[in-house]
Amino acid sequence: MDIVNPVVWSLHVGFAVLWTGSVLFVTLAVLPPALRGDVDGDALGAIVGRLRWITRIAALAFLASGGHMAGTLYTFESLTGTGRGHLVLTMIALWFLITGLVEVASGKLTDGLDAGKLREPAREAKPFLYGAAGLSVALVVTAGLLATPGLI
């Protein structure tokens, strides 16, 4: 039995859970108090720094594990010509979009915190974090569709 594919799949899913959960946590649990000014700037900076690092490490993990899975489970024709392939391509597009949104939001928060501000950078980051959170939900739904046997 080939043990590599289940290990790679488990790493891929594990990082996806960590990353999407982190995006949702920061957006839904950390951003609202930051908007009210109820969070210490240093604490917010540490949380944003962690989100940024999780995003970057997850990107490397997704590139390696997703590249392995795509190379062993799909051909170009199956990626572009089947429903499952379209779901994989959708996940890749969502991954890039969420990563970009998180990087922009974390940059706005970090720059504002470095300038000694809290509420203003939180307001500036809000649409980007909301977008990343919404797309994270879409990513999880897409993964669920992809994992459902016989659906597509």
Side-chain angles (χ1 to χ4, degrees), residues 5-71 73-74 79-80 82-148 151-152:
N5 284 341
V7 168
V8 169
W9 187 86
S10 296
L11 286 171
H12 192 81
V13 170
F15 273 102
V17 168
L18 172 66
W19 182 50
T20 56
S22 296
V23 170
L24 291 169
F25 174 75
V26 169
T27 303
L28 300 174
V30 176
L31 183 62
L35 289 165
R36 293 188 305 268
D38 294 341
V39 175
D40 179 68
D42 290 338
L44 181 59
I47 292 168
V48 169
R50 286 281 167 94
L51 176 61
R52 189 176 251 178
W53 276 109
I54 289 169
T55 297
R56 292 172 181 176
I57 292 167
L60 295 174
F62 295 146
L63 186 61
S65 60
H68 172 79
M69 289 188 295
L73 301 174
Y74 296 95
L79 280 173
T80 59
T82 66
R84 291 183 61 76
H86 293 158
L87 289 173
V88 169
L89 294 175
T90 299
M91 289 183 77
I92 292 169
L94 289 169
W95 167 49
F96 277 114
L97 290 169
I98 298 164
T99 299
L101 290 169
V102 168
E103 285 294 328
V104 170
S106 62
K108 288 186 177 297
L109 283 163
T110 301
D111 291 347
L113 291 171
D114 288 346
K117 299 178 181 179
L118 178 63
R119 287 186 217 147
E120 181 182 334
R123 276 192 307 273
E124 290 177 2
K126 180 180 173 180
F128 298 98
L129 286 173
Y130 279 13
L135 292 177
S136 292
V137 171
L139 182 70
V140 170
V141 169
T142 304
L145 291 171
L146 188 59
T148 304
L151 182 66
I152 295 184

* **Side chain to side chain, Val30 and Leu51, heavy atoms closer than 4.5 Å** => no
* How far apart are the closest heavy atoms of Gly41 and Leu118, and which atoms are they? -> CA-CD1, 4.5 Å
* Stepwise, does the side chain to side chain contact (heavy atoms under 4.5 Å, CB included) test hold for Ile54 with Val23? -> CA-CA 9 Å; Ile54 289 169; Val23 170; over 6 Å; no
* To do: Quick one: closest heavy-atom pair of Ala105 and Phe128, and the distance?
  => CB-CB, 3.7 Å
* To do: First locate atom CZ of Arg52, then atom OG1 of Thr99, and finally report the distance between them rounded to the nearest 0.5 Å.
  => 12.5 Å
* More than 12 foreign heavy atoms under 6.0 Å from CZ of Arg119: is that the case here? -> no
* Would you name the heavy atoms of Ala61 and Phe15 that are closest together and state the gap between them? => CB-CD1, 3.5 Å
* In Å and rounded to the nearest 0.5 Å, what is the CG to OG distance from Asn5 to Ser10? -> 10.5 Å
* Asked: Taking all atoms of both residues into account, what is the closest heavy-atom pair of Leu31 and Ala122, and its distance?
  -> CD1-O, 3.7 Å
* Asked: What distance do Leu94 atom CG and Thr142 atom OG1 have between them, rounded to the nearest 0.5 Å?
  -> 5.5 Å
* Within-4.5 Å side-chain heavy-atom neighbours: Leu129 and Leu101 -> no
* Asked: Out of curiosity, Arg84 CZ to Leu145 CG, how far, rounded to the nearest 0.5 Å?
  -> 10.5 Å
* What distance do Leu97 atom CG and Ser136 atom OG have between them, rounded to the nearest 0.5 Å? -> 10.5 Å
* To do: Could I get the full list of ring-ring contact (aromatic ring centres under 6.0 Å, His included) partners for His68, not counting sequence neighbours?
  => none
* To do: Flag the pair Arg123 / Leu35 as yes when at least one side-chain heavy-atom distance between them is below 4.5 Å, and no otherwise.
  => yes
* To do: Would you mind listing every side chain to side chain donor-acceptor pair (under 3.5 Å) that reaches into residues 14-25, with sequence neighbours excluded?
  => Trp19-Thr55
* Structure fact -> Tightest non-hydrogen contact, residues Arg36 and Asp38, listed as NE-OD2, 3.0 Å
* Please report the shortest heavy-atom distance between Val39 and Ala34, naming the atom on each side. => CG2-N, 3.6 Å
* Taking C-beta and beyond as the side chain, do Val88 and Met69 meet within less than 4.5 Å on heavy atoms? -> no
